[in-house]
Structures are given as C-alpha cells and as structure tokens.
Protein chains: 2
Amino acid sequence: MTHTYDYPRPAVTTDVVLFTIDAERLRVLLVRRGGDPFRGCWAFPGGFIELDEDLIDGARRELAEETGVTGVYLEQLYTFGTPNRDPRGRVISVVYYALAPEGRVSVRAGSDAAAVQWFPVNELPPLAFDHDEILAMAKVRLATKLGYSTIALQSMPEKFTLSELQSVYEVVLGRTIDKRNFRKRMLAVGSIEPCQAWLRRGNHRPARLYRATSPEVVDWTARAGL
Amino acid sequence: MTHTYDYPRPAVTTDVVLFTIDAERLRVLLVRRGGDPFRGCWAFPGGFIELDEDLIDGARRELAEETGVTGVYLEQLYTFGTPNRDPRGRVISVVYYALAPEGRVSVRAGSDAAAVQWFPVNELPPLAFDHDEILAMAKVRLATKLGYSTIALQSMPEKFTLSELQSVYEVVLGRTIDKRNFRKRMLAVGSIEPCQAWLRRGNHRPARLYRATSPEVVDWTARAGL
DNA sequence: GCAAAAGTGTTCCAGATACACCCATGT
DNA sequence: ACATGGGTGTATCTGGAACACTTTTGC
C-alpha cells in the first residue's frame with residue numbers, strides 16, 4: 001500500500017543522542033548500520049516517525065526497538081534538515097538527547113540493528129550522515145545544562161554518593177571541581193537529600209548516600225540575567 | 001502531479017515568531033488566516049517546506065512571502081509535532097523566532113495572506129492551532145537569551161542610544177533596570193561602541209549614539225556553570 | 001599503622017545591585 | 001527659568017573560587 005500527496009513531503013525521523021558515564025568517561029550510544037548508505041558506519045538510534053505518535057514517543061520507541069533502552073528522560077535538542085544530509089532524499093531529523101544512569105541501560109541488539117555499543121565520545125568510529133555535527137551540539141548542550149538544571153541527577157541511580165555525582169560533573173565538563181564547593185552548592189540548591197544509608201566500598205570511610213528530592217523535574221532556574 | 005511514498009509522511013512546515021518593540025510594548029507579527037481551519041484566527045507566518053531548501057530558508061521565504069519582512073536573523077526555537085495539532089492531518093512545525101528592529105520591518109500583506117499585523121503580546125486575538133503554546137515558549141526563550149547574548153542588538157537600527165537599548169531590555173524582561181548599571185555592563189561587555197554622533201530630540205540634552213561592534217554575531221557566552 | 005576516599009569551613013574576589021545629582025537642550 | 005531626558009561614581013552585597021586537614025574504614 002502506498003501513500004499519495006499533492007505536494008512532495010520530506011521524510012521525518014527522530015534520533016536520540018544518549019549519553020552515559022562509565023569508567024570515568026563520557027560515552028554515547030551508537031548503532032551500527034547494516035545497510036546502505038553508510039553501511040558499517042555508526043549512527044544514533046532513530047527512525048521514521050509514525051503518523052499517530054508524538055515526536056518524543058517516536059524517539060522513545062526507536063530507542064527501545066533498536067537498543068532495548070527504556071525509561072530515560074528525553075529532551076529535544078534541535079531539528080536538522082539540510083537538504084542533502086541523507087543521500088536517499090530529503091530527511092528531517094528531530095533529535096532528542098538524554099543522560100542515562102550507568103547500569104540502568106541494558107543494551108541489547110534490537111531487531112533492526114546489527115550491533116549496539118557505547119563509545120567514549122573521544123574514541124568514536126566513523127559516524128553516518130551529519131551525526132558528528134549533531135553530537136557536537138549535544139555535547140555543548142549537555143555541558144551547558146549541567147550548570148542550571150538537575151539533568152545530572154537523571155544519570156544517577158536512586159541512591160548515590162556525592163563523589164559519584166561530582167564525577168558526572170567532572171567528566172561532562174572535562175575538568176576537576178573542588179569537593180567542598182561542589183557539596184556546598186549541591187546541598188544549598190536543595191535538589192538532593194541525604195538518606196539514612198551509607199555505602200561501604202574499599203579501604204576507606206563509608207560514603208553517605210543521597211537521593212534526588214524530585215526525580216522527575218529537570219529544569220528549574222530560568223535565569224534571565226541582568 | 002502527485003507524489004507517492006511507501007509509508008505515510010507528515011507534512012512539515014516552518015513558522016516564524018517575529019517580535020518587535022514599538023511604543024514601549026513587545027509585539028508579535030501575526031497573519032490572519034483566510035481559509036479553514038481556524039478561518040479568521042491569527043497565526044504566525046509560515047508554511048510548507050520545499051524539498052530543496054534548508055529549514056531556515058523555508059522560514060525566511062514564508063516570512064517574506066506572507067509579510068514582506070526580510071533580513072532578520074532567525075534562530076530555531078523548537079519543533080512542535082503533537083499528532084492532532086492541525087485538524088487537517090499530521091503537521092510538524094519547525095519554529096524559528098527573532099527580534100526585529102522597529103522600523104526595519106515594512107509589513108505588507110503578501111499574496112497568500114488576508115492581513116498582516118503587529119499585536120502587543122498582552123492583547124492578542126484568538127490564535128490558530130497551538131500557536132499560543134508556541135508563543136509562550138518563544139517569550140521565555142527571548143527573555144532568557146537577552147541575558148547572555150546580543151540578540152537585543154538585532155532589534156536596534158544601525159545607530160541607537162543607550163536609552164533605546166535599555167528600553168528593549170525593560171520591555172522584554174517586564175521590569176525596570178537601573179540606568180547606570182545597565183550602561184556600565186553594556187560597555188564592559190564590549191558589544192557596542194560609541195559613534196561620533198549625537199541624537200537631538202526633544203527639550204533635553206542630546207543622546208550619544210552607539211553601534212554594535214559585530215552586528216552579525218549573536219551568541220557569545222556559552223556559560224557552563226559551576 | 002598505613003593507604004585511600006569521605007567529610008568539613010573560612011577567606012577572598014569579582015560581578016551585580018542600590019542609590020542621587022548635575023548636564024545640555026528646547027521652549 | 002524650567003521641564004525633560006542624558007549622563008555619571010561609589011558603597012555594599014552576594015555568590016563563586018581557592019584552599020588543607022581530620023575521619024573512618026580495610027588490609
């Protein structure tokens with residue numbers, strides 16, 4: 001069955017740039033392309049939108065189908081629509097991004113992907129289409145958002161130590177942060193609270209565990225400046 | 001001539017939320033809809049993307065065709081694609097926004113619009129589709145961007161007084177700003193420079209004229225926080 | 001007792017805010 | 001001379017940045 005329109009229409013896809021932090025490195029989830037064009041290159045999970053689903057639902061669906069990852073909080077990044085970004089024809093991609101907790105994402109190859117893998121953002125394989133450009137924008141946005149939102153908490157398990165949270169900031173921002181200043185600020189903001197639990201791990205003092213006070217909310221400071 | 005595809009495709013439009021400031025009020029450019037649906041309601045200028053034009057070029061083209069406005073610096077706002085936002089079928093709208101200089105925009109009704117008009121954002125007629133939601137997001141973005149970009153300079157003529165520029169900030173932010181602090185900061189940032197020219201107007205001391213040092217550039221502080 | 005990460009306060013600086021008077025012009 | 005907006009400087013506050021030692025555990 002085919003579909004006919006009076007005017008030509010572009011194809012619309014949703015893609016997902018999913019970050020995580022593992023072994024002190026910022027990583028991004030990629031899918032190896034099994035077919036042309038860009039066969040053998042890696043790309044962000046994504047695919048064509050269905051006519052009755054919201055954009056973000058399409059992004060979630062493709063992410064789940066291709067990688068098995070579910071339950072991450074997606075945020076719209078940007079829409080890419082340069083005419084020749086896909087050699088097969090006009091494709092407009094609405095791109096979402098997120099920062100996922102390390103363990104929570106159980107990657108498995110889905111039905112329509114030959115392989116799924118986390119890559120350190122500094123050691124990337126060749127990317128398909130304009131996905132390098134998309135990734136560059138996503139990295140900047142992620143780092144910027146860390147400063148004034150609780151997006152980092154999305155990447156944490158339910159309970160976590162302050163050192164673990166600090167490590168997320170350090171990896172994404174690419175620099176070290178003073179421990180005392182970090183703790184002071186995190187607690188002052190009020191987005192996390194201590195649990196009555198400690199984590200014993202290694203030959204050292206146990207670390208207090210914290211949890212997000214409102215795990216759903218991501219933004220809160222609008223900040224207008226001046 | 002018709003166009004046929006194996007899978008259904010959404011229609012894609014680009015829309016433009018164009019702000020200006022006139023008579024101490026923030027205004028937005030709207031086009032009256034001549035046909036159904038939402039006949040007689042007002043909407044942002046916009047229309048279907050062509051297959052060989054970039055998204056931002058589509059936005060510029062539609063803006064020019066429907067309102068006669070050209071030469072404004074557009075920035076992508078967000079992509080709206082909820083399935084039932086347009087009763088005629090699935091329509092995905094990539095929305096751009098800008099802040100235009102007051103005089104520069106010579107509005108005229110274009111070929112496919114019954115009427116074009118600037119409305120104060122606080123005295124709006126009924127809007128078509130989800131354009132009230134779009135406008136709400138655009139207002140927030142505009143106010144936020146004022147704080148860390150030179151977008152306000154886009155709304156200025158080539159030469160302008162500091163009082164005029166301050167008025168833009170006050171109108172968009174919806175509050176008054178201290179004159180001395182404002183001038184101090186604007187000059188410290190270095191995005192404007194004084195001309196050897198003064199504006200005589202009214203029964204008072206003439207105002208020095210300034211110009212943007214680099215009128216093209218809009219953003220400069222990335223600000224990561226922490 | 002030693003190694004290893006957790007935890008904790010104070011000082012300093014820069015940028016933002018608050019605030020009031022004189023200046024140049026047209027009428 | 002007076003009304004009108006243009007122009008200027010200082011004191012204070014606040015939030016960010018720098019900085020070093022003690023604590024608790026496992027071995």
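In the text below, chain A, chain B and the rest are named by the order of the sequence lines, each starting its count at 1. Just so you know, these numbers use all the heavy atoms, side chains as well, and skip hydrogens, waters and symmetry mates.
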Separation of [N] [atom2] from [X] [atom1] (nearest whole Å):
X: B:D178; N: D:dG5; atom1: CG; atom2: P; result: 18 Å
X: B:Q166; N: C:dT17; atom1: CD; atom2: P; result: 13 Å
X: B:L199; N: D:dG7; atom1: CG; atom2: P; result: 10 Å
X: A:R205; N: D:dT24; atom1: CZ; atom2: C1'; result: 6 Å
X: A:I192; N: C:dG7; atom1: CD1; atom2: P; result: 11 Å
X: B:L162; N: D:dG7; atom1: CG; atom2: P; result: 7 Å
X: B:Y169; N: C:dA16; atom1: OH; atom2: P; result: 12 Å
X: A:R175; N: D:dA18; atom1: CZ; atom2: P; result: 9 Å

Comparing A:R183 and A:N203 on DNA chain C - which has the more 5′ nearest nucleotide: A:N203

Side-chain donor/acceptor contact of B:N181 with base of C:dA18 under 3.5 Å: yes

B:T161-B:R201 side chain donor-acceptor pair, cut-off 3.5 Å: no

Closest to the [X] side chain: [options]?
X: B:K184; options: D:dG9, C:dG26, C:dA5; answer: D:dG9
X: A:K179; options: C:dG9, D:dG6, C:dG7; answer: C:dG7
X: A:R180; options: D:dG16, D:dG9, C:dG9; answer: C:dG9

Ion pair B:R25/B:E123, N-O distance below 4.0 Å: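 A salt bridge is present here (some side-chain N lies under 4.0 Å from a carboxylate O).
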
B:R141 with B:E75: basic N within carboxylate O range, under 4.0 Å: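 B:E75 and B:R141: not salt-bridged.
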
Sugar-phosphate, base or nothing in reach of B:R208, heavy atoms under 4.0 Å: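 Sugar-phosphate, backbone atoms only, no base.
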
Touch class at under 4.0 angstrom, heavy-atom based, for B:S163 against every strand present: sugar-phosphate

Geometric class of the B:H131/B:F44 ring pair [parallel <30°, tilted 30-60°, perpendicular >60°]: parallel

Heavy-atom pair with the smallest gap, counting every atom of B:D132 and B:F129: OD1-O, 4.2 Å

